[in-house]
**Q** 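Please find one structure pasted underneath; my questions will follow.
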Amino acid sequence: MSIPDKPSLEGLEAKWRQRWADEGTYRFDRSKSRDEVFSIDTPPPTVSGALHPGHVCSYTHTDFIARYQRMRGREVYYPMGWDDNGLNVERRVQLLTGTRCDPSLPYDRDFRPPEKVGRKDKPIPVSRPNFVALCGEVVEKLEETYFDLWSDIGLSVDWSYGYRTIGPEARRASQRGFLRLLARDLLYRSESPTLWDVDFRTAVAQAELEDREIPGAYHKLRFRGPDGEDLWIDTTRPELLPACVAVVAHPDDPRFQPLFGRAATTPLFGAEVPIVAHELADPDKGTGAAMICTFGDTTDVTWWRELGLGIRTVVDRDGRLRPVTWGSPGWESTDPARAQAHYDELAGRTVRQAQARIAELLAETGGTQGEPRPITHPVKFWENGSRPLEIVTSDQWFIRYPDKDAMLARGKELAWWPDFMRVRYENWVNGLQGDWNITRQRFFGVPFPAWYPIDTEGRVDWLSPILASEDSLPVDPTADVPAGYDESQRNQPGGFAADPDVMDTWATSSLTPQIVTGWVDDPDLFARTFPMDLRPQAHEIIRTWLFYTVVRSHYEHDALPWGNAAISGFVFDPDRKKLSKSAGNAPDDPTVLISTYGADAVRYWAAGGRPGMDLALEPGQMKIGRKLAIKLLNASKFALGLESTTAGTVTEPLDRSMLAALADLVSEATAAFDRYDYARALERTEGFFWSFCDDYLELVKNRAYGADGEAGQASARTALGLALRTLLGLFAPFLPFVTEEVWSWWQEGSVHRSPWPDADALREVAEAGAATVADEPDPAVLAVVAAALSEVRKAKSEAKRSMRTEVTSVTVTDTPERLARLDLALDDVRSAGRIGAIEVVP
RNA sequence: GGGCGCGUAGCUCAGUUGGCUAGAGCGCUGCCCUUACAAGGCAGAUGUCGGGGGUUCGACUCCCUCCGCGCCCACCA
């Protein structure tokens, strides 16, 4: 046993961080079988943004569980992944290196980005392979800062297991998953309307949409009805008039009953379009009739699909109106020349410019009535985008969703912590529309293992992919060649073309359980760790990450990917505002918090956020955590200085009472942890610990010194030793550094590999010290005795006397039951209170 | 518009199936260098439990309703 004279938190973190790494304290023992393992599908942090306290908070929550399960005897599989795949990384790399990917450029072997990044608006164009390589470099550096943070905060991750979402394992798994779904017709390629970001030139999935309130205006357009009468239509998108393919009204709307099945004619373009009925048309909106354009919004897509309408595409992928020829098939007009003249005014303009121009044209030709009426309305944006989404048709890969009942059943099967989070999942499943588009027109991502044949005329057949074989994965179709072809045939008539796109990042991260457990690369590991036990994650990505992962596992394994989902809340600053992500040495920079308060203290703060609850960023809580850690050092030093031992008999009623109360605490903390309520486990442990220090230690210290004979001394020493060991165990998941330090003073091995405290064993010790068979240990004795001691202190405090003031006599008045309990530890009270005599009065 | 969560001391939050005078910590006030700890210890004060109804012997806890905050979802012509 070696106890420092002046225990301190100084240097503990570096010391134990190193020791744990050297000794492999958290190493996963892969000889263990599935039922002995607790496996965690750690969220791979997006290696693109700044670190903020929210990261620390939620990852620490997972670590509490990991450490608890490890002490419970489970072999914890706790790897870390890195999400370095996708658009966020591309943007970060563009910013950090001052480059931009231009896929038309050839690979430049010697390219290096400039030391100093140039002007943001003048990026250096680089080839796709060069750009992907840059992404890899940048990501590696960022991963180091993340590694440092996770180590500093004490995550008990086994760093020898892990993955990158752009790494070979992830690419193999993604491509294998792709091929298998395709083979089962659960995945298909089709040209279809797709939400499209015109700035990033990429398709966007339903889950990445957000609504933003922006100004707009109603324009009232004069269509001509079938009998030459005016038919007024309100629209916020007049520029889409040339794309109008029908006029729609509600089937029950009496105003339009006579018109259904007949035709209207558009202003400016003279296109004859059918007047159709659909219940999505709202009689109370505008004039009750709407124009259906291909495509202004998702409702247009629904109408177009369900009513089997034609298509007139005017918005191109760059967000400008493309040239079209009026009078050609599909672009019929009652006056093609006039239509063309009007359209030529719009072609080449952006949507916004075209809107302004067409409003003028309409006004000039009497096609509108009155001024546009300004409104503010919600418009769909991509969450990363800056201009409203357009809808374009293009070739995309889609995964079919399983039927809703199957998905809802999976949601029920999963244990949610907290349970109410299941509702978010169910809401999302019930609101699903269309299939899951997994195609992104980007560069840094997992490519599709597909090529397309080119006919002798040079036309690519985008709907007849040539697929890679599973054993050739991962492939990069832009670098690899399909079987039966050679490189010279790339992009040649009679040859092949690579699939130009990459997978949506969710198409890969929906397979994190499979990737991290070795589905493709390590079947032995897979058998020992899958399905996994726990998915910890944030609530805002239930509809994406969680949902998609359930879908993939449902298809691949006909099972849930994990048994439990622990959903963490947000971190708020004390003003109750959501934390901004602008960090970087800000007061809320987690590395600053850790160096200021200590890792254990920051973890203590994080433990206050139960699953699903938001947590305020509060330095005050961190101070308390630091105080607690220091108290643990000092109290432990004191207890151990009294020659505490964990072997022996505990005979004194007060000691037995303390152990019984401690056993109850262990039971409660264990039950709380099993419900993922680590916050309660800590709260109760902390409460017990402070009263243990304030009351129990004071009550027994003189006896432990030997003031009351050997039997009483031995009892106290054993009780102190058992209590200390138990408390260190209960605190270990929360305060790994300080508990390990204290543990090392007097115990072998690591506290983090020691067994979780055993309530029954404590009760047995408490019972074994009984004087008679009926003498049950009574947790209330300690409470009564502590209350009495507190009264004595209060009297001294009110008399403004020192606590060491001698008291000649004390009279205690209470119920006979409580006095009987007090009587069991009268000598300890006298000793702690420096009391000469105690008289009890019922 | 629909759903979920939250609203308890100045602040951050506990309060498990309804049950004795509603709790903790921080902060505040006072006292104490007590042989583990003065970056400490001891003690004290502090509440219309968001408002209003209802059920009940009894409601912070259950039901209804309203108010406020947050989040998720929604077809946005």
Side-chain angles (χ1 to χ4, degrees), chain A residues 3 5-9 211-214 216 218-219 233-237 240 247-248 278-282 285-293 296-303 375 377-380 388 418 420-428 430-431 433 539-540 542-543 569-570 572 574 576-578 605 608-610 612-616 618 620-621 623-624 626-628 630-642 668 671-672 675 677 679-680 683-684 686-687 690 693-694 697-698 701 705 789-805 832 834:
Chain A
I3 307 165
D5 286 341
K6 267 276 183 193
S8 143
L9 297 177
D211 287 351
R212 294 184 201 161
E213 287 282 340
I214 61 166
Y218 272 120
H219 298 252
I233 304 245
D234 275 346
T235 180
T236 56
R237 306 274 322 251
L240 293 178
V247 167
V248 66
H278 195 281
E279 43 305 327
L280 281 183
D282 184 348
K285 232 171 212 167
T287 61
M291 63 176 188
I292 301 176
C293 306
D297 60 30
T298 52
T299 317
D300 279 341
V301 177
T302 307
W303 280 328
I375 54 160
H377 60 159
V379 173
K380 283 200 191 306
F420 66 77
M421 286 294 178
R422 178 185 287 107
V423 177
R424 305 249 180 135
Y425 172 93
E426 290 174 346
N427 284 349
W428 179 250
N430 284 322
Q433 287 180 10
H539 57 73
E540 77 270 23
I542 288 173
R543 62 175 179 161
F570 278 129
F572 289 84
R576 272 267 153 212
K577 283 178 298 200
K578 198 176 155 186
W605 159 72
R610 288 178 296 158
M613 301 293 286
D614 295 339
L615 183 67
E618 236 201 327
Q621 285 299 114
K623 285 183 194 157
I624 298 164
R626 186 173 178 83
K627 218 173 94 176
L628 174 62
I630 293 169
K631 189 77 172 179
L632 257 171
L633 289 176
N634 286 315
S636 301
K637 177 195 162 194
F638 181 50
L640 293 175
L642 297 172
E668 188 177 4
R675 297 191 309 269
D677 192 355
R680 174 183 284 265
E683 186 206 345
R684 294 305 158 104
E686 191 188 2
W690 283 107
C693 291
D694 295 345
L697 282 180
E698 292 297 325
K701 67 181 177 188
Y705 279 132
L789 179 60
S790 182
E791 285 298 318
V792 174
R793 286 180 187 140
K794 183 176 175 178
K796 291 181 181 179
S797 192
E798 284 173 352
K800 301 189 191 265
R801 307 293 286 273
S802 160
M803 288 300 141
R804 55 196 293 211
T805 307
R834 295 172 178 262

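Naming: A, B, ... by sequence-line order, numbering from 1 per chain. Reckoned from all heavy atoms, side chains included, excluding hydrogens, waters and symmetry mates.
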**Q** Looking for any heavy atom pair under 4.0 Å, which part of the strands does A/Leu280 touch: base, sugar-phosphate only, or nothing?
**A** base

**Q** For B/A43, take OP1 and OP2 only and decide whether either is under 4.0 Å from a side-chain N or O of A/Arg793.
**A** yes

**Q** Name the nucleic acid region contacted by A/Lys627, choosing base, sugar-phosphate or nothing; use a 4.0 angstrom heavy-atom cut-off, strictly under.
**A** sugar-phosphate

**Q** For A/Thr302, which contact category applies under a 4.0 Å heavy-atom criterion: base, sugar-phosphate, or nothing?
**A** nothing

**Q** Please work out if A/Lys631 contacts a base, only the sugar-phosphate, or nothing of the nucleic acid, heavy-atom cut-off 4.0 Å.
**A** base

**Q** Choose from B/G3, B/A36, B/C26 the nucleotide whose nearest atom is closest to any side-chain atom of A/Asn634.
**A** B/A36

**Q** Determine the contact category for A/Glu698: base if any of its heavy atoms lies under 4.0 Å from a base atom, sugar-phosphate if only primed atoms, P, OP1 or OP2 are that close, otherwise nothing.
**A** base

**Q** In the structure shown, which nucleotide is the Watson-Crick or G-U wobble counterpart of B/A24, with both distances under 3.5 Å?
**A** B/U12

**Q** When you get a sec, tell me which of B/A14, B/C73, B/C4 is the closest nucleotide to the side chain of A/Val423?
**A** B/C4

**Q** Suppose you measure atom P in B/U17 against the same atom in B/C6; what distance do you get, rounded to whole Å?
**A** 13 Å

**Q** For B/U29 versus B/U46, give the span between their C1' atoms, rounded off to a whole number of Å.
**A** 11 Å

**Q** How would you label the contact of A/Asp694 with the nucleic acid (heavy atoms, under 4.0 Å): base, sugar-phosphate, or nothing?
**A** sugar-phosphate

**Q** Could you measure between the two C1' atoms, the one in B/C20 and the one in B/C60, and give it in whole Å?
**A** 16 Å

**Q** Reckon A/Gln621 touches a base, only the sugar-phosphate, or nothing at all at heavy-atom distances under 4.0 Å?
**A** nothing

**Q** The side chain of A/His539 lies closest to which of these nucleotides: B/C71, B/A43, B/A14?
**A** B/C71

**Q** With heavy atoms under 4.0 Å as the rule, sort A/Cys293 into base, sugar-phosphate or nothing.
**A** nothing

**Q** Expressed as a whole number of Å, how far does the P atom of B/C11 sit from that of B/G30?
**A** 23 Å

**Q** Starting at the 5' end of RNA chain B and moving along, which residue's nearest nucleotide shows up first, A/Pro7 or A/Thr235?
**A** A/Pro7

**Q** Return the nearest nucleotide to the side chain of A/Asn427; candidates are B/A77, B/G3, B/A36.
**A** B/G3

**Q** Could you pick out which residue, A/Arg680 or A/Asp297, lies toward the 5' side of RNA chain B when each is mapped onto its nearest nucleotide?
**A** A/Arg680

**Q** May I ask you to evaluate whether A/Lys794 reaches the phosphate of B/G44, defined as a side-chain N or O under 4.0 Å from OP1 or OP2?
**A** yes

**Q** Quick one: does any side-chain atom of A/Lys637 pair with a main-chain N or O of A/Pro7 as donor and acceptor, under 3.5 Å?
**A** no

**Q** Roughly how far apart, to the nearest Å, are B/A59 and B/C49 at atom P?
**A** 12 Å

**Q** Between B/U8 and B/C72, how many Å separate the two C1' atoms, rounded to a whole number?
**A** 26 Å

**Q** Side chain of A/Met613, heavy atoms from C-beta onward: which of B/C6, B/A39, B/C4 has the nearest atom to it?
**A** B/C6

**Q** Counting only side-chain N and O atoms of A/Tyr218, is one of them less than 4.0 Å from OP1 or OP2 of B/A77?
**A** yes

**Q** In whole angstrom, give me the gap between the C1' atoms of B/C13 and B/A22.
**A** 14 Å

**Q** Which is true for A/Arg610 with a 4.0 Å heavy-atom rule: it touches a base, it touches only sugar-phosphate, or it touches nothing?
**A** sugar-phosphate

**Q** Using the C1' atoms only, state how far B/C67 lies from B/G10, rounded to an integer number of Å.
**A** 23 Å

**Q** Consider the side chain of A/Glu618, meaning its heavy atoms from C-beta on, and name the nucleotide among B/A36, B/G41, B/C11 that approaches it most closely.
**A** B/C11

**Q** Take A/Arg424 and A/Arg543 through the test side chain to side chain contact (heavy atoms under 4.5 Å, CB included) and record every step on the way to the result.
**A** CA-CA 7 Å; A/Arg424 305 249 180 135; A/Arg543 62 175 179 161; over 6 Å; no

**Q** Can you find a side chain N or O atom of A/Ser802 that sits less than 4.0 Å from OP1 or OP2 on B/C31?
**A** no

**Q** Respond yes when some side-chain nitrogen or oxygen of A/Tyr705 is under 4.0 Å from OP1 or OP2 of B/A36, and no when none is.
**A** yes

